[in-house]
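Every number for a ligand or one of its atoms is a count from 1 in the order of the listing.
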Amino acid sequence: MSENWEEVQDTAAGWMNEAGKMLRQSLHESLKIDTKSNPNDLVTEMDFKIERFLTENIEKTYPHHKVMGEEEAGADIESTDGVLWIIDPIDGTTNFVHQKYNFAISVAVVQDGIGKVGLIYNVMQDEWFMAQEGKGAYLNGERLPQVTEVDLSEAVIGLNGRWLAREKRDGEQSLHTMVRKSRSVRNFGSAAIELAYLACGRLDSYISFRLAPWDYAAGLVLLKEVGAVVTNFNEKEPSMLKKDTILAARPKLHKQLLHYVHNHEGFEK
Ligand code: 2AM
Ligand code: CA
């Protein structure tokens with residue numbers, strides 16, 4: 001079935017706008033917070049509420065589409081056949097709880113495994129990153145230019161300090177060496193925001209040793225449109241169904257950085 005991706009994008013943005021209002025409102029109220037796999041893995045009642053809000057709207061409007069979300073939706077999905085929505089109700093939940101800032105709603109629509117629409121809404125900055133396959137990527141309605149090249153010595157890399165602390169390699173191929181050779185590193189605590197920042201030139205690369213499809217699916221659509229390269233650490237397309245490692249960067253920098261992460265399995269916990 002052929003889809004009207006323009007309409008899908010506009011409809012999704014409308015729901016995300018509503019969801020953003022719900023999230024901003026919730027910051028004035030007391031939040032119920034739980035932990036998931038470990039004490040650092042936070043989830044709030046708002047993660048569930050927003051995911052249910054989006055899922056119900058998608059199922060009502062597009063009954064022939066599938067939905068996979070971070071909290072509940074589509075946990076049994078094993079194939080990317082057909083149209084699949086991949087949603088993260090709050091990317092950067094730790095920021096949502098601790099900073100009340102730097103969190104995003106991330107929505108990707110994928111057809112037969114190919115990203116068609118990607119939306120990342122940075123709620124508190126009110127920044128909308130949107131892209132459609134083959135139609136370019138936009139920040140608040142302005143088209144983003146193709147990425148240019150930078151050398152590692154001039155590059156600012158999005159990297160969580162946790163990965164550095166856990167690095168087992170040493171010497172010339174280690175992350176420590178990579179960081180020393182770079183201009184600087186930053187960590188914003190939301191993969192979706194960091195991928196969006198790479199798309200608009202605020203970062204030159206983003207690296208993560210453990211992410212899930214809902215963290216990066218929308219970012220992948222954006223980054224493809226601006227000519228950035230996104231693979232896992234073994235130079236393959238990141239998985240749309242299970243956790244994966246992520247190396248995203250301007251094209252030549254991507255090749256340079258592969259040296260430091262190639263064959264690294266990432267971290268399960
Ligand atoms: P979250 O806020 O939706 O949990 C933090 O650097 C980034 O990694 C965030 O995008 C965060 O998403 C994601 N993240 C945190 N814990 C994770 C886990 N156990 N598996 C996959 N991604 C995770
Ligand atoms: Ca997430």
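Residue contact check: E70 has heavy atoms under 4.0 Å from atoms 3 (O), 4 (O) of ligand 1. Every atom of ligand 1 with a heavy atom of N160 under 4.0 Å away is listed here by number and element: 6 (O).
In this structure, atom 15 (C) of ligand 1 is not in close contact with the protein, since no protein heavy atom lies within 4.0 Å of it.
Within the structure, salt bridge (charged side-chain N to carboxylate O under 4.0 Å, His left out) contacts touching residues 101-121 (residues at least two apart or in different chains) are K116-E133. A salt bridge (charged side-chain N to carboxylate O under 4.0 Å, His left out) check over residues 53-62, counting only residues at least two apart or in different chains, returns nothing.
In this structure, atom 20 (N) of ligand 1 lies nearest to the protein heavy atom K243 NZ, 3.1 Å. Nearest to atom 7 (C) of ligand 1 among the protein's heavy atoms is A191 N, 4.0 Å. Protein heavy atom in closest approach to atom 5 (C) of ligand 1: G189 O, 3.7 Å.
Angle OD2 (D88) to the Ca ion (ligand 2) to OE1 (E70): 80°, rounded to 10°. The angle subtended at the Ca ion (ligand 2) by OD1 of D215 and OD1 of D91 is 90°, given to the nearest 10°.
Using a 4.5 Å heavy-atom threshold, the side chains of N17 and W128 count as touching. The side-chain heavy atoms of L195 and L222, taken from C-beta on, include no pair separated by under 4.5 Å.
Using a cutoff of 4.0 Å between basic side-chain nitrogens and carboxylate oxygens, E72 and R52 are scored as salt-bridged. Remark: D244 does not engage K242 in a salt bridge, criterion side-chain N to carboxylate O under 4.0 Å. Residues R202 and E127 are paired through a salt bridge, judged by an N-O separation under 4.0 Å between the basic side chain and the carboxylate.
By the criterion of a heavy-atom distance under 4.0 Å, the backbone of S190, and not its side chain, is placed next to ligand 1. Looking at R210 against ligand 1, both its backbone and its side chain come within 4.0 Å, counting heavy atoms. For D91, heavy-atom contacts with ligand 1 shorter than 4.0 Å involve the backbone as well as the side chain. Both the backbone and the side chain of L211 come within contact range of ligand 1, each with a heavy atom under 4.0 Å. Counting heavy atoms closer than 4.0 Å to ligand 1, residue I90 contributes backbone atoms (N, CA, C, O) but none from C-beta onward.
Ring orientation note: the planes of H65 and Y62 are close to parallel, at an angle under 30° on the 30°/60° scale. The aromatic rings of F209 and F233 stand perpendicular to each other, their planes meeting at an angle above 60°, with 30° marking the opposite boundary.
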- Query: Y197 and I120: side chain to side chain contact (heavy atoms under 4.5 Å, CB included), yes or no, with the steps?
  - Reply: CA-CA 11 Å; Y197 281 7; I120 295 172; over 6 Å; no

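Residue contacts with ligand 1 include G92, since one of its heavy atoms falls under 4.0 Å from the ligand.
Considering backbone and side-chain N/O of N187, none are found under 3.5 Å from N/O of ligand 1. The shortest N/O to N/O separation between T93 and ligand 1 falls below 3.5 Å. For D215, a nitrogen or oxygen atom sits less than 3.5 Å from a nitrogen or oxygen atom of ligand 1, counting backbone and side chain alike.
When all heavy atoms of E70 and D215 are compared, the closest pair comes out as OE1-OD1, 4.5 Å.
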